[in-house]
Amino acid sequence: MNDTPLYLARLDMYSRFLTAADAESHVVWHRQDGRCADEREAIDAVDRAYAATRAAFNAIDLEGVGPHKEARVVLERLKAMHKDGGSSPDWKDFKAAREAYVAAASAHLKALRGDD
């Protein structure tokens with residue numbers, strides 16, 4: 001594989017986004033489960049998690065290749081999970097979007113390795 005640095009950079013970029021999205025989904029879970037002391041603490045946790053997820057997404061979005069469309073759907077599903085104070089998140093939609101992102105990222109990385 002001639003593009004090892006590119007492959008490693010994208011692997012890192014895609015996994016950083018996935019890790020941030022998972023962390024944000026944990027904030028949703030903790031909020032729904034009542035693990036935040038009050039609504040201010042919950043909102044602060046959501047804001048921090050969103051900022052990290054958005055920052056990780058920006059690199060994928062700027063590149064505009066690979067799983068950028070799937071990553072955008074993950075962001076949309078996470079945003080929807082925060083509506084109504086996070087009282088009724090749609091875990092099924094989030095998990096489906098997450099799985100689609102993982103599949104697209106994996107396929108893109110395999111193509112970079114020449115495994116397609």
Side-chain angles (χ1 to χ4, degrees):
M1 177 170 76
N2 315 6
D3 293 329
T4 300
L6 179 60
Y7 171 84
L8 293 174
R10 286 186 177 160
L11 174 64
D12 182 59
M13 179 173 51
Y14 299 161
S15 65
R16 265 188 282 123
F17 174 75
L18 187 61
T19 300
D22 286 347
E24 188 171 343
S25 76
H26 283 103
V27 169
V28 173
W29 173 257
H30 289 172
R31 185 180 193 186
Q32 184 185 25
D33 197 37
R35 296 184 195 183
C36 297
D38 55 29
E39 189 60 14
R40 180 75 257 156
E41 182 180 301
I43 291 169
D44 289 346
V46 167
D47 288 348
R48 283 189 307 274
Y50 171 80
T53 306
R54 187 63 199 208
F57 170 73
N58 285 344
I60 295 169
D61 194 31
L62 285 172
E63 186 178 45
V65 298
H68 67 285
K69 292 176 185 173
E70 292 83 0
R72 184 172 300 282
V73 174
V74 170
L75 279 181
E76 291 168 2
R77 298 301 176 260
L78 283 166
K79 180 180 175 183
M81 291 172 69
H82 295 300
K83 288 191 186 244
D84 301 323
S87 61
S88 56
D90 189 336
W91 290 102
K92 184 178 176 184
D93 278 356
F94 169 71
K95 288 180 180 180
R98 184 189 186 283
E99 289 172 12
Y101 170 78
V102 168
S106 180
H108 187 71
L109 291 169
K110 285 178 183 176
L112 279 176
R113 288 192 316 253
D115 295 349
D116 51 347

When clusters are formed by joining ILVMFWY residues with side-chain heavy atoms under 4.5 Å apart, either directly or through shared neighbours, do [X] and [Y] land in the same one?
| X | Y | value |
| --- | --- | --- |
| Met81 | Val27 | no |
| Val46 | Leu75 | no |
| Leu109 | Val102 | yes |

Test item: [X] and [Y] side chains (from C-beta on) under 4.5 Å apart, heavy atoms:
| X | Y | value |
| --- | --- | --- |
| Leu18 | Arg98 | yes |
| Glu24 | His82 | yes |
| His108 | Tyr14 | yes |
| Tyr101 | Val73 | no |
| Phe17 | Asp61 | no |
| Pro89 | Trp29 | no |
| Phe94 | Val28 | no |
| Lys69 | Arg72 | no |

Going by the rule side-chain hydrogen bond (donor to acceptor under 3.5 Å, both in side chains), which residues pair with Glu76 if we only count those two or more places apart in sequence or in a different chain?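 Partners of Glu76 by the side-chain hydrogen bond (donor to acceptor under 3.5 Å, both in side chains) criterion come out as none, since no residue qualifies.
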For [Y], is there an ion pair with [X] - N to carboxylate O distance below 4.0 angstrom?
| X | Y | answer |
| --- | --- | --- |
| Arg31 | Glu41 | no |
| Asp33 | Arg35 | yes |
| Arg77 | Asp90 | no |

With rounding to the nearest 0.5 Å, note down the distance linking [atom1] in [X] to [atom2] in [Y].
| X | Y | atom1 | atom2 | value |
| --- | --- | --- | --- | --- |
| Lys79 | Thr53 | NZ | OG1 | 14.0 Å |
| Asp12 | Thr19 | CG | OG1 | 9.0 Å |
| Leu11 | Arg16 | CG | CZ | 10.0 Å |

For a quick test of reading the model, state the closest non-hydrogen atom pair linking [X] to [Y] and the distance between them.
| X | Y | value |
| --- | --- | --- |
| Val74 | Ala21 | CG1-CB, 3.8 Å |
| Ala20 | Ala56 | CB-CB, 4.2 Å |
| Gly86 | Gln32 | O-CB, 3.8 Å |

Would Arg54 and Leu78 count as a side-chain contact (heavy atoms from CB on, under 4.5 Å) here? Give the steps. CA-CA 11 Å; Arg54 187 63 199 208; Leu78 283 166; over 6 Å; no
When the ring planes of His30 and His26 are compared, do they come out parallel, tilted or perpendicular, using 30° and 60° as the limits? tilted
For the backbone of Asp22 and the side chain of Ser25, can you confirm whether one donor and one acceptor N or O come within less than 3.5 Å of each other?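 Indeed, once roles are kept as given, a pair shorter than 3.5 Å links the two residues.
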